[in-house]
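What follows is a single structure, written as structure tokens, with notes after it.
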There are 2 protein chains.
Amino acid sequence: MAEHGVAEKLPPDGRSMTPSLPNVPIAQSPVDKFREFLDIKKLKCTEERLRIVRYIFEAHQHFDVDQLLESMREKKIPASRPTVYRTLNLLVDAGLLRRLTFGETTAYEHAYGYPRHEHLFCERCGGVIEFVSEELDRLLQSISREHRFRPISRKLVVQGVCEKCSKPTADRRKLDLI
Amino acid sequence: MAEHGVAEKLPPDGRSMTPSLPNVPIAQSPVDKFREFLDIKKLKCTEERLRIVRYIFEAHQHFDVDQLLESMREKKIPASRPTVYRTLNLLVDAGLLRRLTFGETTAYEHAYGYPRHEHLFCERCGGVIEFVSEELDRLLQSISREHRFRPISRKLVVQGVCEKCSKPTADRRKLDLI
DNA sequence: CTACGTGCAAATGATTTGCAAAGAT
DNA sequence: ATCTTTGCAAATCATTTGCACGTAG
């Protein structure tokens with residue numbers, strides 16, 4: 001009664017947390033960039049905000065709000081849920097994070113210090129494979145031009161099944177027939 | 001205090017309701033296809049469900065739940081909100097509709113009798129331009145193959161500004177600086 | 001008949017917000 | 001000193017669900 005395709009949660013297997021692309025050289029640290037943003041917007045640079053930003057840019061790649069809250073709690077870094085939401089919105093506005101939607105979950109990933117890329121999302125295990133394609137870039141540029149459309153950003157998620165999940169295994173769950 | 005990019009609602013200017021691609025030849029009517037689906041799933045073919053399906057496939061292209069409810073109410077076609085939600089889910093499961101996400105809104109479009117295509121979404125006016133690209137298809141196929149990923153479907157939305165909205169007008173709203 | 005579908009009102013779940021207290025410039 | 005941010009609890013919004021009644025097969 002509640003399937004409507006697609007995995008419900010990001011998997012806890014660490015897969016979605018692992019960056020797969022080389023970092024990109026950056027002039028300022030994410031924290032400095034965020035400071036700059038707060039400054040321009042006349043917002044205050046508080047300890048709570050910095051804690052969250054520092055934590056996010058320490059290691060995570062893809063995460064959702066609950067994963068972030070839980071892992072911060074584990075590490076005894078205090079942060080309330082509303083402040084996390086508020087800060088994530090600031091970080092998206094600041095261009096430091098990108099908000100993603102895989103299946104049902106809202107996830108976040110680094111948008112700064114990490115190359116622009118697209119996602120192959122496995123509907124079976126919830127895993128994400130990242131890829132970069134200049135050809136895709138050129139193609140979308142040219143299509144946009146044909147329509148006199150000025151592209152700013154894009155969201156591309158190819159949904160399907162990854163290698164691991166398409167290999168039949170002994171213990172694989174029975175597929176939902178139909 | 002509540003902007004975070006992007007238009008909030010599909011515009012009422014009829015733009016997003018207009019199909020821009022030629023229809024595709026189909027063997028059965030959407031209603032028949034839905035009947036078949038209900039039959040396979042051992043679900044009942046009720047008057048309410050048929051009303052909704054008929055109405056949706058009569059003309060709409062892109063719509064959200066509220067638009068659908070309101071326009072059905074205008075035409076005196078009875079349908080309760082829960083039943084509309086339930087039926088939309090069935091139609092998505094049946095492959096007759098595709099669920100889309102533009103900005104904040106969840107929209108639906110015909111997936112049957114209408115070619116597969118991608119979207120250019122104007123963040124200013126909320127308008128949608130549809131396009132088809134075989135080259136994109138080939139490219140994503142080949143990228144998937146490289147990653148031993150079996151693609152099933154995809155979501156691509158290029159966000160940007162359409163021709164009309166990028167032309168400066170007398171009465172254009174002031175842009176949010178920053 | 002009998003099980004499934006319907007509409008209502010109420011529940012849900014993710015995200016946001018009002019407010020009093022705490023903090024930054 | 002002043003105005004923003006915080007955390008809490010409560011509000012919100014879209015969507016889903018429990019239930020008593022209606023209806024398709």
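Each chain gets a letter, A, B and so on, in the order the sequences are listed, and its residues count up from 1.
The shortest distance between the side-chain N/O atoms of A:Arg86 and the OP1/OP2 oxygens of C:dT16 is not below 4.0 Å. Residue A:Asn89 has a polar side-chain atom (N or O) positioned under 4.0 Å from OP1 or OP2 of C:dT16. OP1 and OP2 of D:dT16 both lie 4.0 Å or more from every side-chain N or O belonging to B:Tyr85. Under 4.0 angstrom from either OP1 or OP2 of C:dT15 there lies at least one side-chain N or O belonging to A:Thr106.
To the nearest angstrom, P of D:dT6 lies 14 Å from CG of A:Leu69. Atom OH in B:Tyr108 sits about 10 Å away from atom C1' in D:dA14, given to the nearest Å. The nearest whole Å value for the distance from the CE atom in B:Met72 to the P atom in C:dT6 is 12 Å. Rounded to an integer number of Å, the gap from CZ of A:Arg81 to P of D:dA10 is 17 Å. Rounded to an integer number of Å, the gap from A:Leu68 CG to C:dA14 C1' is 15 Å. For the pair B:Arg49 CZ and D:dG25 P, the interatomic distance rounds to 10 Å; values are reported in whole Å. Distance CZ (B:Arg99) to P (D:dA14): 15 Å, rounded to an integer number of Å. As rounded to whole Å, 14 Å separates atom C1' of C:dT12 from atom CD of A:Glu104.
Projected onto DNA chain C by closest heavy-atom contact, B:Lys42 and B:Pro78 fall at different nucleotides, the more 5' of which corresponds to B:Lys42.
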- Nucleic acid footprint by protein, nucleotides 20-25 of chain C - heavy-atom cut-off 4.0 Å, B for base, S for sugar-phosphate alone: ---BBS
- Query: Going through the checks in order, is the ring pair (Phe, Tyr, Trp, His ring centres under 6.0 Å) test met by A:His110 and A:Phe57?
  - Reply: CA-CA 7 Å; A:His110 295 192; A:Phe57 280 87; 4.2 Å; yes
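Other residues, nucleotides and ligands place more than 12 heavy atoms under 6.0 Å from the CD atom of A:Glu47.
Under the 3.5 Å distance criterion, the side-chain polar atoms of B:Arg49 are matched with a main-chain donor or acceptor of B:Lys44. For the pair A:Tyr55 (side chain) and A:Lys75 (backbone), a donor-acceptor distance under 3.5 Å is absent. No donor-acceptor pair closer than 3.5 Å links the side chain of B:His62 to the backbone N or O of B:Gly127.
Taking the side chain of B:Pro82 as heavy atoms from C-beta on, and the options C:dA9, D:dT6, D:dA14, the nearest nucleotide is C:dA9.
Considering only residues two or more places apart in sequence or on other chains, B:Glu70 meets the side-chain contact (heavy atoms from CB on, under 4.5 Å) condition with B:Glu74. With sequence neighbours left out, B:Arg145 forms a side-chain contact (heavy atoms from CB on, under 4.5 Å) with B:Gln141, B:Ser142.
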